[in-house]
Amino acid sequence: MSTYSSTDTSVVHPLTPLGWNHRVERAFDAVASASAHPLLPARVASSRRGGAVVRLPREAAADYSPAVTKAAQADPSTAPCSGDWVAVRRSGDVWLVEAVLERSGSLVRQGVAKDSHDQVLAANIDAVLICEAADQGPNVGRLERFLSLAWASGATPVVAVTKAEMAGDRLPEVLELVESVTMGADVYAVSAHTGLGLEELSARFLPGATWVLLGTSGAGKSSLVNAVAGRSLMDTGEIRQDRRGRHTTTHRQLLRLPGGALVLDIPGVRRIDVPGAEEGVDRAFADVAGLAEQCRFRDCRHDAEPGCAVNAAVDEGELDVRRLERWNRLRREAEWNRSRGDARLRTERRKQWKAAERQARENAWRKRGR
Ligand SMILES: Nc1nc2c(ncn2[C@@H]2O[C@H](COP(=O)(O)OP(=O)(O)OP(=O)(O)O)[C@@H](O)[C@H]2O)c(=O)[nH]1
Ligand SMILES: [Mg+2]
Ligand SMILES: [Zn+2]
């Protein structure tokens, strides 16, 4: 049973300010019409193991239904996550998340745990704002990793070089370095302190679109959100001297900017492993991947094969050999993570198959016993 009819277009849906759209509406209607209970759509602001904070649009705490809990135990990446659209119902005094609606783009990193499940950082995102501070490098290897993740999400990556005022005269140099590894992604130099570049970047935050901020702790993500919003939506913090760093933002938040865009501010990430999707890596390294397509052999390893276009570009000084090495490393990592994922799937399937076998044997045994 759907409370909001999809045929009535005259009224603005109460969740429109939270990014509600036709795709989500269809997904919700499909779930709601198959449910025995009356369901409401809601968007997850933040989540933890046993429950989530959802917007209905008013904020409410919601527990997970047994089905959602069971699915999350089998595969943690299916658990409700910031940005998710869910179907909820009232059960006594509490809200229950009955289903997680199908996601569009989601930002996923490879889980570092042994079970190799992916970890969803943000769901249903349209764009990823990668924040890299101008005063600390910038670190091109890290940018390439973030970009690989962002491209794999299906959302549009945009790069913000934060704390730009701190680079002083070096800013053009910093930007040149950043732009040497950000193929296909727009780059903005911004400063939350001086306001530099904020107007240009803000123009990208279209109403109803969902952005997620990705960067290390202390990169200035929350400061940037506050500066764009013109008021303090998020706490910000000093950078600690110890390298491990404490996070100022400790849980994910879904915020609405004055212009109508939604922003997921998430805690800074230190370790970020690319998930098993080489496509993301190849999009981030479109220049190298494009060269690789011109190699004489389709399975060229770009070692010492004749007719290797990648090595030719290195020899001619057109491709930085370090970038080539980083591409190889990320591809190997993605390949490895995919194979781990495949192995896990195989193990799970074998378990399911064995359980089914056992069940069949028991059934047969019972029948014979009768
Ligand atoms: N000079 C300068 N400092 C900035 C700027 N933006 C942020 N900072 C400082 O950088 C530090 C970290 O900023 P936050 O916004 O808390 O960083 P964050 O990325 O949200 O960090 P986590 O929440 O831990 O992930 C704070 O001390 C800010 O004052 C800027 O544009 N210029
Ligand atoms: Mg923060
Ligand atoms: Zn080659």
Query raised in the report: With side chains defined as the heavy atoms from C-beta onward, is the minimum distance between V100 and T78 less than 4.5 Å?
Result: no
Query raised in the report: Does some side-chain heavy atom of P57 sit less than 4.5 Å from a side-chain heavy atom of P14?
Result: yes
**Report entry** Donor-acceptor under 3.5 Å (S35 side chain, A32 main chain)
**Finding:** no
Report task. Could you check V159 against L147 for side chain to side chain contact (heavy atoms under 4.5 Å, CB included), going step by step and ending with a plain yes or no? Result -> CA-CA 9 Å; V159 178; L147 283 160; 4.2 Å; yes
Query raised in the report: Are F146 and L107 in one and the same hydrophobic cluster, where Ile, Leu, Val, Met, Phe, Trp and Tyr link if side-chain heavy atoms are under 4.5 Å apart?
Result: yes
Requested in this report: Identify the heavy atoms of A134 and A167 that sit nearest to each other, and give their distance.
Outcome: CB-CB, 4.0 Å
Query - Exercise: identify the closest heavy-atom pair between L196 and A164 - result: CD2-CB, 3.6 Å
Report task. Evaluate the criterion side chain to side chain contact (heavy atoms under 4.5 Å, CB included) for residue pair D84 and R103; output intermediate values, then yes/no. Result -> CA-CA 7 Å; D84 258 327; R103 293 170 179 149; 2.8 Å; yes
Query raised in the report: Heavy-atom count around E316 CD within 6.0 Å, excluding the residue itself: above 12?
Result: yes
Report task. Check the surroundings of atom CG in D315: do more than 12 heavy atoms from other residues, nucleotides or ligands lie under 6.0 Å from it? Result -> yes
Query raised in the report: Closest heavy-atom contact between R142 and N139?
Result: N-OD1, 2.9 Å
Report summary line: To the nearest 0.5 Å, atom CG of N311 lies from atom CG of L319 at 9.0 Å
**Report entry** Identified side chain to side chain donor-acceptor pair (under 3.5 Å) counterpart of E278 within the set R283, R338, R331
**Finding:** R338
Query raised in the report: Between CG of L149 and CD1 of I130, what distance do you get to the nearest 0.5 Å?
Result: 8.5 Å
Query raised in the report: Are the charged groups of D320 and R322 less than 4.0 angstrom apart, N to O?
Result: yes
Report summary line: Between A219 and C131, the two heavy atoms sitting closest are CB-O, 3.8 Å
Report summary line: For residues 252-267, the side chain to side chain donor-acceptor pair (under 3.5 Å) pairs (sequence neighbours left out) are S222-D265
**Report entry** Cluster overlap L254 with V108, hydrophobic side-chain contacts below 4.5 Å
**Finding:** no
Query raised in the report: Transitively linked via ILVMFWY side-chain contacts under 4.5 Å: V212 with V53?
Result: no
Query raised in the report: Do side-chain atoms of K221 reach the backbone of P267 as a donor and acceptor pair under 3.5 angstrom?
Result: no
Query raised in the report: How about N337 and R332: does a side-chain donor come under 3.5 Å of a side-chain acceptor?
Result: no
Report summary line: Nearest heavy-atom contact between A334 and V281 is CB-CG2, 4.3 Å
Got a list of side-chain donor-acceptor pairs under 3.5 Å for residues 172-186, not counting sequence neighbours?
| from | atom 1 | to | atom 2 | distance (Å) |
| --- | --- | --- | --- | --- |
| S180 | OG | L177 | O | 2.6 |
| T182 | OG1 | V178 | O | 3.2 |
| D186 | OD2 | R204 | NH1 | 2.8 |

**Report entry** Enclosure of E102 CD (heavy-atom neighbours >12, cutoff 6.0 Å)
**Finding:** no
Hey, can you pull the donor-acceptor pairs under 3.5 Å for the side chains in residues 64-71, sequence neighbours left out?
| from | atom 1 | to | atom 2 | distance (Å) |
| --- | --- | --- | --- | --- |
| Y64 | OH | R48 | O | 3.1 |
| Y64 | OH | G51 | O | 2.9 |
| S65 | OG | V68 | N | 3.3 |
| S65 | OG | V97 | O | 3.1 |
| T69 | OG1 | S65 | O | 3.0 |

Requested in this report: Check ring pair (Phe, Tyr, Trp, His ring centres under 6.0 Å) between W151 and all other residues, then give those that pass, not counting sequence neighbours.
Outcome: none
Query - Under 4.5 Å side-chain linkage, directly or through intermediates, the cluster mates of V190 - result: L129, V158, Y188, L198, L201, F205, W211, L213, L224, V225, V228, L233, M234, L255, L257, V263
Only pairs under 3.5 Å count here: list side-chain donor-acceptor contacts from residues 285-300, not counting sequence neighbours, and write none if there are none.
| from | atom 1 | to | atom 2 | distance (Å) |
| --- | --- | --- | --- | --- |
| D287 | OD1 | R323 | NH2 | 2.8 |
| D287 | OD2 | R323 | NE | 3.0 |

Requested in this report: Report yes if the side chains of E132 and T162 come closer than 4.5 Å at any heavy-atom pair, otherwise no.
Outcome: no
Requested in this report: Please say whether the positively charged group of R43, taken as NZ for Lys or CZ for Arg, lies over the ring of W20, i.e. under 6.0 angstrom from the six-membered ring centre and within 45 degrees of the axis.
Outcome: no
Query - Linked, directly or transitively: W85 and L96 (ILVMFWY side chains, under 4.5 Å) - result: no
Report summary line: Rounding to 0.5 Å, atoms CD1 (I266) and OG (S217) come to a distance of 11.5 Å
**Report entry** Exceeds 12 heavy-atom contacts within 6.0 angstrom, atom CZ of R301
**Finding:** no
Requested in this report: Output yes when R145 and E333 qualify as a salt bridge under the 4.0 Å nitrogen-oxygen rule, no when they do not.
Outcome: yes
Query raised in the report: Would you say S82's side chain and A45's backbone share a donor-acceptor pair under 3.5 angstrom?
Result: yes
Query raised in the report: Are the side chain of H37 and the backbone of L39 linked by a donor-acceptor contact shorter than 3.5 Å?
Result: no
Requested in this report: Would you give the length of the straight line joining atom OG of S104 to atom CD1 of I125, rounded to the nearest 0.5 angstrom?
Outcome: 8.0 Å
Query - Inter-residue atom distance L214.CG - R109.CZ, 0.5 Å rounding - result: 9.0 Å
Report task. For residues A209 and D126, report the shortest heavy-atom separation together with the two atoms involved. Result -> CA-OD2, 3.3 Å
Query - Hphob cluster co-occupancy, V24 + V120, side-chain heavy atoms under 4.5 angstrom - result: no
Query - Flag side-chain contact, heavy atom, 4.5 Å: L101 against V86 - result: no
Requested in this report: Enter the distance from L262:CG to R55:CZ here, rounded to the nearest 0.5 Å.
Outcome: 8.5 Å
Query raised in the report: Can you check whether E165's main-chain N or O pairs, donor with acceptor, with T194's side chain at less than 3.5 Å?
Result: no
**Report entry** Pair R23-N124, side-chain hydrogen bond (donor to acceptor under 3.5 Å, both in side chains): steps then yes or no
**Finding:** CA-CA 11 Å; R23 186 194 67 79; N124 299 308; 3.1 Å; yes
